[in-house]
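Let me begin by presenting the structure, written as structure tokens, before commenting on it.
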Amino acid sequence: MYTPEMLDKIENGSGFIAALDQSGGSTPRALKGFGIESDAYSNDDEMFALIHEMRSRIITSPSFNGDKVLGAILFERTMDGEANGKEVPALLWERGIVPFLKVDKGLEDESDGVQMMKPMPELDALLERGNSRGVFGTKMRSVINSASQSGMTAIVEQQFAVANQIIDHGLMPIIEPEVNIKSDTRGACDSLLRDAIMAELDKQDADRKVMLKLSIPEQAGLYNDLAKHPKVSRMVALSGGFSRQDACEQLAQNPGMIASFSRALLEDLRQQMDDETFDAALAEAIDQIYAASNC
């Protein structure tokens, strides 16, 4: 169960949430962007060991601290791992950064314009493990590819159903129904999503709060009422494939949102950098994202 200090930091702190939760499908791309080609590993264990080294280097860098980074979303293996001889969630909180855990198991094939989350039969056990390791909350992603009222209703209802299961375990859920920024109906998707989320929020009991992680809307300010809803602890934005520059420029037009970037945070980092250069590049990214999150 999360602490009042963690909740206060997430709800009232100035900063952003780092997404360090690349899973099996996105790990090769993340490693390639980090300067590690596919011939550097021959199986999943070696691949995940390399991505853990990358994440460990990030979270132990001097610039990665609670002054500007409110939280960090972890992949399951990262939560279970160590950095500097300490369990990663404990190390993060020691540095003033609230730990989150990615819990979804990937996406179903597209149907009715959306990709629902795959079943999570072991979710209860994973949530208990997260609790035991001091995790504050969770994140789960599904994807919206085209504007469909019935598809939107289904994907948002699924997100809130799982969110309430997570709340029952004393954790804070981050609901992430991502709108594909390349969708031909992106603006319509944004509007349908806003209305569907608002309807589900209004059904929630007063003491059952959630966080939202949404694509930056095509129309600036579209999600302002969601950010102000009493059952929303914080609303964060994913970069969704935008460069850091573009994502920050668009985020700055949506003052109700703070960043929760992955690729946009890491895009200038390379394994081959020495520690001083690495931390300087990370600090520059953190400063830019912080400024856009707190304009």
Side-chain angles (χ1 to χ4, degrees), residues 15-41 47-75 77-78 83 88 92 95 97 100 102 139 141 143 174 176 178-182 186 213-218 236-254 257-295:
F16 67 95
I17 295 174
L20 304 176
D21 59 332
Q22 300 89 351
S23 57
S26 56
T27 294
R29 182 173 64 245
L31 287 173
K32 184 176 179 64
F34 193 55
I36 300 175
E37 299 294 337
S38 58
D39 58 5
Y41 51 91
M47 178 183 73
F48 283 120
L50 287 169
I51 200 75
H52 183 71
E53 289 176 10
M54 181 191 84
R55 292 167 178 151
S56 296
R57 191 175 184 188
I58 291 165
I59 65 177
T60 57
S61 291
S63 60
F64 196 84
N65 59 64
D67 292 343
K68 296 181 178 179
V69 182
L70 296 177
I73 304 170
L74 306 174
F75 182 51
R77 291 192 183 209
T78 308
V88 171
L92 286 170
R95 296 169 70 90
I97 298 170
F100 291 82
K102 167 188 163 69
K139 189 214 78 165
R141 172 178 174 264
V143 174
I174 300 178
E176 186 187 8
E178 175 185 350
V179 172
N180 185 343
I181 61 169
K182 296 180 180 179
R186 179 183 166 198
K213 181 170 179 175
L214 307 177
S215 303
I216 301 170
E218 190 172 58
V236 304
L238 56 102
S239 52
F242 289 120
S243 68
R244 182 167 71 244
Q245 182 66 35
D246 289 344
C248 285
E249 287 177 358
Q250 294 191 44
L251 178 63
Q253 299 174 42
N254 292 272
M257 307 179 88
I258 63 171
S260 178
F261 293 170
S262 177
R263 275 175 287 174
L265 171 65
L266 311 178
E267 64 183 30
D268 292 335
L269 302 181
R270 300 293 181 271
Q271 181 195 42
Q272 296 80 8
M273 291 175 168
D274 61 47
D275 288 345
E276 183 177 355
T277 305
F278 185 92
D279 188 62
L282 180 59
E284 182 177 354
I286 288 172
D287 287 347
Q288 185 178 5
I289 297 168
Y290 177 87
S293 296
N294 296 278
C295 62

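If you read the sequence from its start, that first residue is 1, and numbering goes on from there. Note: hydrogens, waters and symmetry copies are ignored here, and every other heavy atom, side chains too, is used. Model, not experiment: these values are computed from the prediction.
For the salt bridge (Lys or Arg N to Asp or Glu O under 4.0 Å) with Asp21, the lone residue among Lys139, Arg141, Lys102 that qualifies is Lys139.
The line from CD of Gln288 to OG of Ser293 is 10.5 Å long, rounded to the nearest 0.5 Å. Distance check: Ile17 CD1 to Ile258 CD1 gives 5.0 Å after rounding to the nearest 0.5 Å. Taking CG of Asp268 as the reference point, atom CZ of Arg244 lies at 4.5 Å (rounded to 0.5 Å). Considering OG1 of Thr27 and CG of Leu50, their distance stands at 10.5 Å, rounded to 0.5 Å. Atom CG of Leu251 is separated from atom CG of Asp246 by 12.5 Å, given to the nearest 0.5 angstrom. Distance check: Leu214 CG to Ile174 CD1 gives 11.0 Å after rounding to the nearest 0.5 Å.
Proximity of Leu265 to Ile286: side-chain heavy atoms (C-beta onward) are separated by under 4.5 Å at one or more points. At least one side-chain heavy atom of Val69 sits less than 4.5 Å from a side-chain heavy atom of Phe16. Side-chain contact between Leu238 and Ser260 is absent, with no heavy atoms from C-beta onward closer than 4.5 Å. Residues Ile73 and Leu20 form no side-chain contact, since every pair of their non-hydrogen atoms from C-beta on lies 4.5 Å or further apart. With a 4.5 Å cut-off on side-chain heavy atoms, Val236 and Glu176 do not count as touching. Under the 4.5 Å side-chain criterion, counting only non-hydrogen atoms from C-beta, Phe278 is in contact with Ile58. In this structure, the side chains of Phe64 and Leu92 come closer than 4.5 Å at one or more pairs of heavy atoms. You'll find the side chain of Gln253 stays beyond 4.5 Å of the side chain of Cys295, heavy atoms only.
Of all heavy-atom pairs spanning Pro217 and Met257, the tightest one is CD-SD, 3.9 Å. The two residues Ile97 and Gly66 make their nearest non-hydrogen contact at CG1-N, 3.8 Å. Taking both residues in full, the closest heavy atoms of Gly240 and Glu178 are given as CA-OE2, 4.2 Å, listed atom of the first, atom of the second, then distance. Heavy-atom minimum distance, Ala83 versus Ile59: CB-CD1, 4.1 Å.
Partners of Ser239 according to the side-chain contact (heavy atoms from CB on, under 4.5 Å) rule, which considers only residues two or more places apart in sequence or in another chain, are Ala247, Phe261, Ala264. Judged as a side chain to side chain donor-acceptor pair (under 3.5 Å), and not counting sequence neighbours, Asn65 has no contacts. In terms of the salt bridge (Lys or Arg N to Asp or Glu O under 4.0 Å) criterion, Glu276 has no residue partners (sequence neighbours excluded). Remark: Glu249 pairs with Gln245 by the side chain to side chain donor-acceptor pair (under 3.5 Å) rule, at least two apart or across chains. Residues satisfying the salt bridge (Lys or Arg N to Asp or Glu O under 4.0 Å) criterion with Lys213, sequence neighbours excluded, are absent altogether. Take Glu37 and apply the side-chain contact (heavy atoms from CB on, under 4.5 Å) test, not counting sequence neighbours, and it matches Lys32, Asp39. Looking at residues two or more places apart in sequence or on another chain, you find a side-chain contact (heavy atoms from CB on, under 4.5 Å) between Gln271 and Phe34, Ile36. Under the side-chain contact (heavy atoms from CB on, under 4.5 Å) criterion, Glu218 pairs with Arg186, Asp190, not counting sequence neighbours. Residues satisfying the side chain to side chain donor-acceptor pair (under 3.5 Å) criterion with Thr60, sequence neighbours excluded, are absent altogether. Looking at residues two or more places apart in sequence or on another chain, you find no side chain to side chain donor-acceptor pair (under 3.5 Å) involving Arg263. Shown here are the salt bridge (Lys or Arg N to Asp or Glu O under 4.0 Å) partners of Arg77, two or more places apart in sequence or in another chain: Asp45.
Within the 6.0 Å centre-distance limit, the rings of Phe48 and Phe75 are counted as a close aromatic pair.
Sorted by first and then second residue, the salt bridge (charged side-chain N to carboxylate O under 4.0 Å, His left out) pairs with a member in residues 55-73 read Arg57-Asp275, Lys68-Asp287; sequence neighbours excluded.
A donor-acceptor pair under 3.5 Å links the side-chain atoms of Asp274 to the main chain of Thr277, judged by distance alone. A distance-only check finds a donor-acceptor pair linking the side chain of Gln272 to the backbone of Gly35 [under 3.5 Å]. At least one donor-acceptor pair under 3.5 Å links the side chain of Ser56 to the backbone N or O of His52.
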Step-by-step side-chain contact (heavy atoms from CB on, under 4.5 Å) determination, Asp279 to Met273: CA-CA 9 Å; Asp279 188 62; Met273 291 175 168; over 6 Å; no

